[in-house]
Amino acid sequence: MQPLGDPLYHLRLMARMGKAVGADLTSAFAAGDISHTDWAAMITRCRGCGAVDQCEAFLSAHDRAEAPMPGCRNTDALMQLQGRSA
């Protein structure tokens, strides 16, 4: 099992992926669309991902995307939030 990545780094990475797919995570949290537990689970899933380099490359190549990169551990959550609070 690989160690979890830096929480702040992955928070920023997840926020970038959310922005790329049109899911404003901060607004979704403020509106109650995601809870503290949801937010923490999303960050933990991101922290456990071994595809950080691919994620960075995807985000560098896509200011906007229809969906997160293939294999993103937060795809379901991000797709549910897409366009809701942006």
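Note that these values count all heavy atoms, side chains included, but never hydrogens, waters or copies made by symmetry. Everything quoted here is computed from the prediction, not taken from an experiment.
- Side-chain contact between His10 and Arg45 is absent, with no heavy atoms from C-beta onward closer than 4.5 Å.
- Under the 3.5 Å distance criterion, the side-chain polar atoms of Gln82 are matched with a main-chain donor or acceptor of Val21.
- Counting non-hydrogen atoms of other residues, nucleotides and ligands closer than 6.0 Å to CG of Asp6 gives a total above 12.
- In terms of hydrophobic clustering, with Ile, Leu, Val, Met, Phe, Trp and Tyr side chains grouped at heavy-atom distances under 4.5 Å, Leu78 and Leu11 are assigned to a common cluster.
- When all heavy atoms are compared, the tightest approach of Asp38 to Ser35 is OD2-N, 2.8 Å.
- Residue Thr75 comes nearest to Met69 through the heavy atom pair OG1-O, 4.2 Å, listed as atom of the first residue, atom of the second, then distance.
- Hydrophobic clustering, with ILVMFWY side chains joined whenever heavy atoms are under 4.5 angstrom apart, keeps Met14 apart from Leu4.
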Inset, instruction - Kindly indicate, with the supporting measurements, whether the criterion side-chain contact (heavy atoms from CB on, under 4.5 Å) is fulfilled by Lys19 and Arg64. - result: CA-CA 8 Å; Lys19 183 177 180 182; Arg64 297 280 181 237; 3.9 Å; yes
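- In this structure, Pro3 and Arg47 have side chains that are not in contact, with every pair of non-hydrogen atoms separated by 4.5 Å or more.
- Considering only heavy atoms from C-beta on, Phe29 comes within 4.5 Å of His36 through its side chain.
- In plain terms, the two heavy atoms of Leu25 and Trp39 that are nearest each other are O-CZ3, 3.2 Å.
- Shown are Leu8, Leu59, Asn74; of these, the side chain to side chain contact (heavy atoms under 4.5 Å, CB included) with Leu13 is made only by Leu59.
- Checked against side-chain hydrogen bond (donor to acceptor under 3.5 Å, both in side chains), Gln80 has no partners two or more places apart in sequence or in another chain.
- Applying the ring-ring contact (aromatic ring centres under 6.0 Å, His included) rule to pairs touching residues 40-83 yields Phe58-His62, sequence neighbours excluded.
- With rounding to the nearest 0.5 Å, the separation of SG in Cys72 from CE in Met79 is 10.5 Å.
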